[in-house]
Amino acid sequence: MKKSPLPLQSIRGSVKQVCGKEALVKLLRWHFGHAEFRGRQFEAIEAILSGRDCFCLMPTGGGKSMCYQIPALAKPGIVLVVCPLIALMENQVMALKEKGIAAEYLSSNQTSHAKNKIHEDLDSGKPSLRLLYVTPELIATPGFMSKLTKIYARGLLNLIAVDEAHCISTWGHDFRPSYRKLSSLRNRLPDVPILALTATAVPKVQQDVIESLCLQNPLVLKSSFNRPNIYYEVRYKDLLDDAYADLSNLLKVTGDVCAIVYCLERTTCDDLSAHLSKTGISSAAYHAGLNNKVRTSVLGDWISSKIQVVVATVAFGMGIDRKDVRIVCHFNIPKSMEAFYQESGRAGRDQLPSKSLLYYGVDDRKRMEFILSNSEKKKLPSLRSEEGLSKNSLTDFIQMVEFCEGSGCRRKKILESFGEQVPASLCRKSCDACKHPNLVAKHLEELTTICAVRQKSSFSQIFISSSSDMIDGEQFSEFWNHDNDETRDSDEDISDYDDDTTKAVRSLAGSKLPSHLGLDEKMEFLQRAEERYYQNNISDRQNKKLEKNVISETLRESSKQRLQNALKQAQQRLGILKIEVETSACFLEKECYKKYGKSGKSFYYSQVASTVRWLSNTSLSELTTRLGTTTSLTSEDILSKAEPSTTSLPLLDQGPTKFTSEELNGSSRSEISLGVSPLQSTSSSTDLPVIPSFSDYVNNRNGKGSLTNTSQKQLPRTTVQKNPGKRMKL
Ligand SMILES: Nc1ncnc2c1ncn2[C@@H]1O[C@H](COP(=O)(O)OP(=O)(O)OP(=O)(O)O)[C@@H](O)[C@H]1O
Ligand SMILES: [Mg+2]
C-alpha cells in the first residue's frame, strides 16, 4: 500500500524530531500498520533517538528492523544500514518503498543510472532518502567513506545500524572479515549512535560485537532466543524410502503453504525443485549459480506468493522476511546450530504456528564433517594466528549432530546452545522429541542399527553419498564462511567463489558421474575417483592412506569440547556442585583415544558418542567412580546427592574399577570392566569401559531394556543384505 508522505511530514514537522511513546506509536501504526511496539523495540528506539549506542539481541523474526526504521522516520536525516546480503537489502528496500518510505540500497548489481541517482540525492543539501542500505565492503571503500564523512559533517547522519552484527565476530557463525572494518566507523564518524542487531550471538559473540564496534556505554537489550510458535522435527533420511517423496507429501498434506527448503548443493536445489514441481507443488530453485535476474525474479515471485516453495542454498539467507512462511525444511544438516536457528527462524515471523523440519542423513553428516575439517585446515593465516580465539567449526557442528542424534527436547538443545538454560517443560510438546518420545527413540535405535551395519560394510569407508551431484565443488560455495571476502574487490555478497577445499572435493571425482549408472557402478566409480584423488595429490600413498584415518588434534579438541558439554549437562542433571569439567573431559577423551586411536577415526568417534550418551544417563555414583580423582566432588556433595548405595567416596585410586552391567542399567549381572582414574590411565594394560550402545542407551532410558554388550553384537546378515540402508517410512 502506498502511503502519502503527508502524515509523516505532519508528525515530523519540517525539522523537529518525533519523541514520546505516543508519537512514535503513531508512526508505527501509520507506516507499518502495527498496533504496538513488540518486545523491547521501544526501549531500543528511545535509546537511539537520545543518541545512545545500543546492542539489540532479539530472536529471528522478533522485529529488529523496526528499531532503526522508526528512528529513520522520526528524525530528519539519513539512517545508514549495514547489511551482509544483497538479497536482504533488496527485500527490505522493496518493502519500505511499497510503504512509501524513501529507502535505497547501493550494490554492485545496480545499474550506474540507479547508483548515480542515489549519489545525487546524497550530495544534495537536503537528501530525500531516509534509509540507505549498504554492504560492509562498500563502507570500506575510500570513495564511499569520504561521502559518508561529508553527510556526517552536514549533520545528516542520524544512525548507523549494523544488522546481523554477529558477522563481525570470528566466534560468530557467519564471520565476514569485511565486517571487521566497521570498527573504524566510530573513529571516522564519532557522535553518530551505532545500533548493533543480531538474533544469533552467544555471550562471547555479544561481547566481541560490542568491543569490535567500539560501542560506548551501550544499552544492551536481550530477549530469549525461544521461538515458541515453531515446532521442531527431525526425520531420518536413512530410514526413509524416498526423502524427496516424503517432503513433497508433507508439503501437499499441509496445503498450499509457503515454505523454504534449504539444501547444501545447488544441484539438489534444482533437482528437488523440479521434483516438487512435477508433483504439482509450485516451486523454484534459488542459489548463487543463477544469475541476478533469475534470483530477483524467484525472490519476487515467492514474496508475492506466485510460487509456494523456494528450494535454496544458504544464499537465501539472513533477514529474508516473508511473514507467513509455515515450513522451513533443511534437506541437509546445517553446519552449526546458529545457522540452523537463523534459517529455521525464517518460519512463522507472524507468530503463527509453523514448522522446522530437518532431514538428517548419516552421509550428509560425514560430508559436512569432511567439508568443515577442510575449511579448518584452510583458515586464513590471519585467523590461524588467533587460533584459540576463533571458533572451531567442527565443535559447532557436533552440537548440530547431537540435536539430531539425541533423544532429548530439541528446543532445549537449541536454547542451551545459546547459553540459555531452560526446563524441558518450556517446550510444551512442540518438538517431536517431547511430543512423540517413544517414536523418536525407536527411530534413533533403528538409525544406530543401520549405522552399525554400514560400518561393517564398505559403504562407510568413503564419505561420498550415491548422489552424482555432490562432487562438484561449486555446489558448496554458498556454504563457506566469507573468510576470503577481503580479497575480493566487488561488494557482491552472494558468495560464489571457489577455494582449495572445493577444488579438492571436485578433483575427488575427476568429473561428474554419468547419470545412467546404477548404484553399484556409481560406488565403484566414486571409489576409483577417490583413489585417483589420493594418487594425484599425495606422493606417499601408503602414508597418506593412514593419514585419512588419523585422528587429528582438531578432532580430539572437538571431542573434548563435546564431552565437556555433556559433563556440564550431567553436572546439572545430577545437581553436583563441583566437578572439574575440563580435566574430566580430557580424561574421558583420553580413554576413547587410548582404546580406539589405533583403530581409526570412526571407532574413536563412536566411542566418544557413546561416552556422551552414557553421560546423559549415568548416575552420580557411576560418574564419580569412573572419573575417580578427576572430580573434585566434596564428600558433602557425594553424601547429599548420591543414591543410597553410594554413601562414601567411591574407589578413588583403587585401580581399575569393576562395574556390573546391573550397575549401569540395573539388569543383567554379566561383569564388565569400567573406568580408571587418570593416575592409572598411563598404564598400557588399562581395562576401558564398555559404554552402552545406542540401543542399550535408548532402552535403558525407557527402562525396558537390559544392557548386554550389543556394541559387540553381530547384526543378522540378512538385514545387511536385504536392506543395507533404507528401512522404513516414518
Ligand atoms: N511491533 C510489531 N508488531 C507486529 N509485527 C511486527 C512488529 N515489529 C515488526 N513486526 C513484523 O515482524 C516481522 C519480522 O520483523 P524483522 O524482519 O524486523 O525481524 P528481525 O528481528 O530482523 O528477524 P531476523 O533476525 O530474522 O532478520 C516483520 O514482518 C515485521 O513487519
Ligand atoms: Mg532482520
Side-chain angles (χ1 to χ4, degrees), residues 1 3 21 24-46 48 54-73 79 81-99 101 103 105 131 133 161-167 172-174 195-201 205-206 209 221-227 229-230 258 260 262 299 302-303 305 314 316-326 328 338-352 354 356 414 418:
M1 178 183 60
K3 291 266 161 64
K21 188 163 184 182
L24 291 167
V25 169
K26 267 189 195 164
L27 279 184
L28 177 78
R29 287 181 187 161
W30 177 259
H31 288 281
F32 299 97
H34 304 316
E36 294 297 336
F37 285 116
R38 192 196 267 170
R40 311 191 75 175
Q41 281 174 337
F42 178 68
E43 286 171 77
I45 294 165
E46 216 183 14
I48 292 154
C54 182
F55 175 85
C56 189
L57 182 70
M58 277 187 194
T60 50
K64 289 183 286 299
S65 322
M66 211 54 73
C67 301
Y68 54 81
Q69 287 170 348
I70 289 288
L73 298 170
V79 167
V81 186
V82 183
C83 255
L85 295 172
I86 292 175
L88 168 55
M89 299 197 296
E90 281 175 348
N91 190 215
Q92 290 216 359
V93 167
M94 197 166 73
L96 289 168
K97 280 183 167 174
E98 269 176 21
K99 292 178 171 66
I101 297 167
Y105 69 93
L131 290 122
Y133 287 75
V162 181
D163 208 359
E164 313 293 354
H166 55 273
C167 295
H173 67 100
D174 253 314
L195 165 67
L197 307 126
T198 177
T200 42
V205 175
Q206 295 165 21
V209 169
L221 298 171
K222 291 187 203 170
S223 317
S224 166
F225 288 92
N226 189 22
R227 294 290 311 272
N229 61 322
I230 300 181
C258 172
I260 307 172
Y262 283 109
L299 180 62
W302 180 75
I303 298 261
S305 302
V314 291
F316 197 76
M318 287 178 282
I320 293 291
D321 181 30
R322 189 178 150 172
K323 285 184 194 172
D324 58 342
V325 179
R326 294 278 76 89
V328 172
E338 286 152 301
F340 173 69
Y341 178 79
Q342 272 280 357
E343 287 147 17
S344 60
R346 311 272 77 85
R349 292 157 81 84
D350 53 8
Q351 320 294 313
L352 295 175
S354 308
S356 153
I414 297 172
F418 289 108

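Every number for a ligand or one of its atoms is a count from 1 in the order of the listing.
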Between Ser354 and Leu352, is there a donor-acceptor pair closer than 3.5 Å when you use the side chain of the first and the backbone of the second? yes
Which of the numbered atoms in ligand 1 are under 4.0 angstrom from any heavy atom belonging to Arg346? 24 (P), 26 (O), 27 (O)
One thing to verify: whether Arg326 and Asp324 come together as a salt bridge, which I'm taking to mean a side-chain N less than 4.0 angstrom from a carboxylate O. no
Are Glu46 and Lys21 close enough for a salt bridge, meaning some N to O gap below 4.0 Å? no
When only distance counts, is Gln342 in polar contact with ligand 1, meaning an N/O pair under 3.5 Å? no
Can you confirm, on distance only, whether ligand 1 has an N/O atom lying under 3.5 Å from any N/O atom belonging to Met58? no
When you measure from the side chain of Arg227 to the backbone N and O of Gly348, does any donor-acceptor pair fall under 3.5 Å? yes
Mind checking whether Phe37 has an N or O less than 3.5 Å away from an N or O of ligand 1? no
Looking only at distance, does Gln92 have an N or O less than 3.5 Å from an N or O of ligand 1? no
I need the atoms of ligand 1 closer than 4.0 Å to a non-hydrogen atom of Ser65, numbered in the order shown. 16 (P), 17 (O), 18 (O), 22 (O)
Contacting atoms of ligand 1, where contact means under 4.0 angstrom from a heavy atom of Pro59: 21 (O)
Using a 4.0 Å cutoff against the non-hydrogen atoms of Ala199, which atoms of ligand 1 qualify? 25 (O)
Taking 4.0 angstrom as the limit and counting only heavy atoms of Glu36, give me the atoms of ligand 1 inside it, by number and element. 1 (N), 2 (C), 3 (N)
What class does the angle between the rings of Phe316 and Tyr262 fall in, given that below 30° is parallel, 30 to 60° is tilted and above 60° is perpendicular? tilted
So, Lys222 and Gln206: side-chain donor and acceptor under 3.5 Å apart, yes or no? yes
For Lys323, take its heavy atoms, then give the atoms of ligand 1 lying under 4.0 Å from any of them. 29 (O), 31 (O)
Do ligand 1 and Thr60 have nitrogen or oxygen atoms that lie under 3.5 Å from each other? no
